[in-house]
Amino acid sequence: MRRVLALAAAAVTIAVTAACGGSGSAAKPAVADPWSAGRSTPVADDVYPRYGDPATDVEHYGLDLKWDPTTTVLTGTATLAVRAARPTDRFVLDLAADMSADTVSVNGAPVADVHDGDHLTVPVGKPLPADATATVVIGYHGVPRLVPAPMTRSDIAGLGAQVTAGGGVWAQQEPYGAFTWYPCNDQPSDKALYDVSITAPDGWAGVSGGSFVGRTESGGSAGSGGSGGSGASGGFGVYRWHQPNPVATYLVAFAVDRFAEDTATGPHGIPLTYWYLPADADAVHRLTARIPDMITFLEQRFGPYPFPTGGVLFRPEQVGMETQTMITLSAHSPAADLLHEFAHQWFGDAVTPRTWSGLWLNEGFAAYAQYLWQAAYPAGGNPPTTIDAVLRDRAVSQDQELRSVDGPPGHYKPGAFASSNVYDCPALMLNGLRHALGDAAFYRLLSDWVHQNQGTNQDRNTFEAFVDAHTGRDFTPYINAWLDSPTTPTIQPPS
């Protein structure tokens, strides 16, 4: 997510045959699990425990969505391959009260679900041992609505999918809010694979993340939607997206609008796609011209770009979000914001925090990458400077006030999510680590952190253990001081 500029206080749908086997967490399923690459170890979130269920591990989402810009009704069929992360007789999903769950089945049999507020409880019908899998299919519809954001920053009015004045829709859902447009286990520790198909009228495009499989055009109506509206007349297209790498729910891109599309090729052949409203074309092209250099800049420091595709979904609204492989960004953002979101593909997307107390693992690292870029490419045509000079100007003097206002970065106030304390304070910690190790060893450490843990969820303990093992020094007291101290730390890293 883009950093705060001031203090906060001022698919193709795929049906899966159930394989209920295994007697414990260490037992192998009786039938091979086709979605094992999407297997996670969900935990109750330590900052926002209302969302997510630690017994539910969604390994794959097949989302078949239809958007009606006339009625602004989203109609969907969600086919979920779910693993019991622990013994259970039910799966608990997050689905907004504004979305009606019309049909729910488990392994092809209808079940009597309970949709209470923003939670959908799906009974399995019998006890499942840990590691047993089942297919849950949910047909639903509704008009998406934002939910309140647990933050004080002024650039985010709410979370989830929002409908535009022109009948479009797009989503921003960190730390939660994916449940406003599809049923999910809406917590960072449950990453999954995705296949998404989006049906929209001719002249409209449906965008998600991963590889764009293609558009199929068909005649007829775009659909009446679940509310019985007339829908859009004429032809419609089905846009299909395949996400081969595990994704956390907050990182799934979604938008339907009158987008134009550009295709490009990044360093060493990375396929890139850009989606934007034609009115924003000039601003978009100024930004996209710099993307190959940005990827190269990041690869030189943090290793190879971690995904097979990349892209940007440009919006006219004020937004900066690191949605995996398809960044969601204002078309009028500065270049440094775009660099920040690309840095998140390494820090936050490839390696994702286990719980939201680890937000600093995302934002501190992306902020540091952004400051490196701003040192190398200062705005206004100024000559290049050093990362130390940039941090002196933008972070050092603020550190104490950030801690006083919103808490230390490892224990930020839950109502001040993504304030500047989780950006700048950890960036200063990383800079001290760089000074202690030297540039070559520092960047090798961060590259190894990403590429040895890609596709996983990590936390403070695993990061500290990794740093100590990688360097042969005890950096844990230094890191803990920067994450926990209510005052600016004076501790020096081990030499």
Side-chain angles (χ1 to χ4, degrees), residues 11-14 16 34-40 58-65 67 76-81 161 169-174 178 181-182 184-186 188 190-200 205-216 237-257 259 261-276 288 291 295 304-315 321-329 341-342 344-346 348-352 450 454-456:
V12 180
T13 303
I14 299 177
V16 185
W35 304 117
S36 59
R39 178 170 293 199
S40 303
V58 183
E59 297 182 327
H60 177 266
Y61 292 88
L63 303 179
D64 188 1
L65 309 174
W67 177 249
T77 300
T79 302
L80 279 56
V169 63
W170 66 280
Q172 175 178 237
Q173 56 225 7
E174 184 186 13
W181 60 278
Y182 70 101
C184 58
N185 197 26
D186 207 357
D190 188 3
K191 302 174 80 167
L193 308 175
Y194 282 77
D195 286 277
V196 180
S197 68
I198 304 172
T199 299
V207 182
S208 191
S211 300
F212 179 38
V213 179
R215 178 186 186 274
T216 302
V238 182
Y239 290 75
R240 293 183 172 87
W241 297 84
H242 172 64
Q243 186 68 269
N245 300 89
V247 190
T249 52
Y250 80 97
L251 293 171
V252 180
F254 172 59
V256 183
D257 215 319
F259 292 120
E261 178 197 8
D262 288 348
T263 60
T265 301
H268 45 84
I270 300 171
L272 302 171
T273 58
Y274 310 127
W275 303 80
Y276 58 94
T288 57
I291 287 176
I295 295 175
Y305 179 77
F307 299 111
T309 63
V312 186
L313 165 61
F314 288 100
R315 294 295 313 167
M321 184 61 211
E322 62 269 21
T323 35
Q324 189 164 310
T325 70
M326 185 60 68
I327 291 163
T328 306
L329 187 78
E341 305 309 338
F342 264 108
H344 272 306
Q345 304 306 302
W346 282 258
D349 294 17
V351 182
T352 305
V450 171
Q454 185 167 348
T456 68

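Along the sequence shown, residues carry numbers from 1. It should be emphasised that the depicted structure is a prediction, and the values quoted were computed from it without experimental measurement.
Between Ala350 and Val450, the shortest heavy-atom contact is CB-CG1, 4.0 Å. Summarising the geometry of Pro308 relative to Asn245, their closest heavy-atom pair is CD-OD1, 3.4 Å, with the distance given to 0.1 Å. In this structure, Thr352 and Ala248 approach most closely via the heavy-atom pair CG2-CB, 4.2 Å. The nearest pair of heavy atoms linking Thr309 to Gly210 is OG1-O, 3.4 Å. For Ala255 against Trp170, the heavy-atom pair with the smallest separation is CB-CB, 3.8 Å. Across every non-hydrogen atom of Gly348 and Tyr250, the tightest pair is O-OH, 3.5 Å.
Within the model, atoms CZ of Arg39 and CG of Asp190 stand 11.5 Å from one another, a figure rounded to the nearest 0.5 Å. Rounding to the nearest 0.5 Å gives a distance of 9.5 Å between CG of Leu313 and CG of Leu329. In this structure, CZ on Arg315 lies 15.5 Å from CE on Met321, to the nearest 0.5 angstrom. A distance of 14.5 Å separates NZ of Lys191 from CD of Glu59, quoted to the nearest 0.5 Å. The line from OH of Tyr61 to CG of Leu193 is 11.0 Å long, rounded to the nearest 0.5 Å. Atoms CH2 and CG, from Trp35 and Leu80 in turn, are 11.5 Å apart once rounded to the nearest 0.5 Å.
Between Trp346 and Tyr305 there is a side-chain heavy-atom pair separated by less than 4.5 Å. The side-chain heavy atoms of Arg240 and Thr216, taken from C-beta on, include a pair separated by under 4.5 Å. Side-chain contact between Ile291 and Val312 is present, with at least one heavy-atom pair separated by less than 4.5 Å. Counting only heavy atoms from C-beta outward, the side chains of Ile198 and Val256 approach each other to under 4.5 Å. Between Tyr274 and Phe259 there is no side-chain heavy-atom pair separated by less than 4.5 Å. Counting heavy atoms from C-beta on, the side chains of Val207 and Phe254 never come closer than 4.5 Å. Counting heavy atoms from C-beta on, the side chains of Gln345 and Ile327 come closer than 4.5 Å. No side-chain heavy atom of Trp67 sits under 4.5 Å from any side-chain heavy atom of Thr199.
A donor-acceptor pair is defined here as one N or O able to donate and one able to accept, closer than 3.5 Å; such a pair exists between the side chain of Trp241 and the backbone of Gly206. Between the side chain of Gln324 and the backbone N or O of Pro246 there is at least one donor-acceptor pair closer than 3.5 Å. A distance-only check finds a donor-acceptor pair linking the side chain of Gln454 to the backbone of Pro306 [under 3.5 Å]. Here the side chain of Thr323 pairs a donor or acceptor atom with the backbone of Thr328 at under 3.5 angstrom. Judged by distance alone, with hydrogens and angles left aside, the side-chain atoms of Glu341 form a donor-acceptor pair with the main-chain N or O of Glu322 at under 3.5 Å. Side-chain atoms of Gln172 do not come within 3.5 Å of backbone N or O of Ala253 as any donor-acceptor pair.
Leu272 pairs in a side-chain contact (heavy atoms from CB on, under 4.5 Å) with only one of the listed residues (Asp262, Thr325, Ile295), which is Ile295.
With sequence neighbours left out, the side chain to side chain donor-acceptor pair (under 3.5 Å) criterion links Ser208 to no other residue. Asp186 meets the salt bridge (Lys or Arg N to Asp or Glu O under 4.0 Å) test with no other residue; sequence neighbours excluded.
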Q: Might you work through the side-chain contact (heavy atoms from CB on, under 4.5 Å) test for Leu65 and Trp181, ending with a clear yes or no?
A: CA-CA 9 Å; Leu65 309 174; Trp181 60 278; 3.8 Å; yes

Q | Residue pair Thr263, Thr273: steps toward the side-chain hydrogen bond (donor to acceptor under 3.5 Å, both in side chains) verdict | A | CA-CA 5 Å; Thr263 60; Thr273 58; over 6 Å; no

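Aromatic pair Phe212/Trp275: centroids less than 6.0 angstrom apart.
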